[in-house]
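Okay, structure first, notes after.
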Amino acid sequence: MNDYNDHNPEIPETLRDLEASLDALGDRTRASAPQDLGERIAEEGASILSGTQQGELRLAGTEADPVRRWTLPQHWSLAASIALLLISVVAAITLQQPAAPPGPMAGADTESESVLDDEWIEFETAYVSDTTWNDEAFTLLSSELDSLESNFSTAWTLDENLNLNEEESL
Amino acid sequence: MEVMPIPHSEPPTDGLPALLDAASSGDEQAWRTLVDRYWRRVYALVRSRCGRSDLAEEVTQSVFVTCATKLRDGGYQERGKFESWLFLVAMNRLRDELRRQRRQATPTNPDNMAGIASEGSRRDADNRDELNEQFEALKEAVAQLPEQDREIVELRHHAGMSFKRIAQMLDEPIGTLLARHHRALKKLRTLMEEPGEG
């Protein structure tokens, strides 16, 4: 028995042609379905029923779709977040490091320069020309470098103060 | 009163419980028979409601994945309402998807499904020439029906459901549905005679 034949007795003759047109429209819509869709549905369902597929396919982007939710744009989003984090870390480290002294001690007084020169010559004479590099030499080298850094900082501070005074005077 | 024959869209339901039982046991042939019986009807219903072939395809596929999963896991208990259940899943799935798309896209009147389908129908009309003007006019008119009227027309003529099954699905008295169907056709006639009105 075909259930669809339970005609609507309330439909008058004058509307039967319209009803038939609607049926024809329905037929056309069904016929317009992609030919391979039925086969794809059958195969997918068969694999679910046989247990080879978990049946988790849902409409793309819906919450019940754990596989498709992890999509390419989200990969990009994650990558962008990581890159931003790295840039922030590098920028923070860079800003915390002492700034390099400007050029060849521009504006520094000749007294500071001569102190540095004298210390370097002293160090060079004592250790660099010595071919016997050892732990003691490296310890002293480290000490000398600390001293140099201190002198640089002094010179840099003086220079900054000078520049500041110039700006204020403007 | 002479009754015009209506195309036999709905396949016989004989043997359906056995088919469902076999499919749920992993019988591939039984599953394929089930799919053959229903996939075009589900597609047509969804296509008519949303007016988009791509979405109809996706929703149809999703409905049958749900069906297979339920059969495998014992989540569906056959009580003679498989068809009503299947089309209800399709309607709900489409409704959810349209809601989701509305949240992500240009907002439209959320209470007016007809508006969305009408837009889809216009897009279809632009892209396809497979339907002639008469069918296009009919589609436009269906899209302009109030939601309840449109629903019964599409369930009846696109999904090819009997009034008995529609009554099961919508949980409404069959007499109410017959009257609504009649009313919907009268409105359609008016819309077809006065295009642009409504």
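In what follows, chains carry the letters A, B, and so on, assigned in the order in which the sequence lines appear, proteins first and then strands, with residues in each chain numbered from 1. Worth knowing before you read on, the calculation uses all heavy atoms, side chains too, and leaves out hydrogens, waters and symmetry mates.
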Separation of [Y] [atom2] from [X] [atom1] (nearest 0.5 Å):
X	Y	atom1	atom2	result
His158(B)	Thr29(A)	NE2	OG1	3.5 Å
Arg28(A)	Ser48(B)	CZ	OG	14.0 Å
Leu15(A)	Lys186(B)	CG	NZ	8.0 Å
Ile48(A)	Thr66(B)	CD1	OG1	8.5 Å

Between Val142(B) and Leu22(A), does a side chain to side chain contact (heavy atoms under 4.5 Å, CB included) hold up when you go through it step by step? CA-CA 9 Å; Val142(B) 170; Leu22(A) 283 169; 3.8 Å; yes

Under 4.5 Å, heavy atom to heavy atom: which of residues 166-174 of chain B reach chain A? Give them by number, or say none. none

Which heavy atom of [X] sits nearest a heavy atom of [Y], and at what distance?
X	Y	result
Asn8(A)	His181(B)	ND2-ND1, 2.9 Å
His7(A)	Phe163(B)	C-CE1, 4.3 Å
His182(B)	Ile11(A)	CA-CD1, 3.5 Å
Ala42(A)	Trp31(B)	O-NE1, 3.0 Å
Ala33(A)	Trp39(B)	CB-CZ3, 3.5 Å
Glu10(A)	Gly175(B)	OE2-O, 4.2 Å

Apply side chain to side chain contact (heavy atoms under 4.5 Å, CB included) to the pair Gln134(B) and Ser21(A), showing each step before the final yes or no. CA-CA 9 Å; Gln134(B) 183 188 350; Ser21(A) 295; 4.0 Å; yes

Does Arg40(B) offer a backbone N or O that forms a donor-acceptor pair with the side chain of Arg30(A) under 3.5 Å? no

Exam field: side chain Arg189(B) to backbone Thr14(A), donor-acceptor pair closer than 3.5 Å: yes

Residues passing the side chain to side chain donor-acceptor pair (under 3.5 Å) test with Asp149(B), sequence neighbours excluded, are Lys187(B)

With sequence neighbours left out, write down each residue that passes salt bridge (Lys or Arg N to Asp or Glu O under 4.0 Å) with Arg40(A), or none if nothing qualifies. Asp36(A), Glu57(B)

Asp96(B): salt bridge (Lys or Arg N to Asp or Glu O under 4.0 Å) partners, not counting sequence neighbours: Arg99(B)

Tell me, with the steps shown, if Leu25(A) and His157(B) meet side chain to side chain contact (heavy atoms under 4.5 Å, CB included). CA-CA 8 Å; Leu25(A) 179 61; His157(B) 300 283; over 6 Å; no

With a 4.5 angstrom heavy-atom cut-off, could you sort out which part of Val42(B) is near chain A: side chain, backbone, both or neither? neither

Pairs of heavy atoms under 4.5 Å with chain A: top-ranked of Ala179(B), Ser24(B), Ser25(B): Ala179(B)

Are the side chains of Glu39(A) and Arg32(B) in touch, meaning some heavy atoms are under 4.5 Å apart? yes

Could you check if a side-chain atom of Leu37(A) sits within less than 4.5 angstrom of a side-chain atom of Gln61(B), using non-hydrogen atoms only? yes

Evaluate the criterion side chain to side chain contact (heavy atoms under 4.5 Å, CB included) for residue pair Leu138(B) and Leu18(A); output intermediate values, then yes/no. CA-CA 9 Å; Leu138(B) 187 55; Leu18(A) 180 58; 3.8 Å; yes

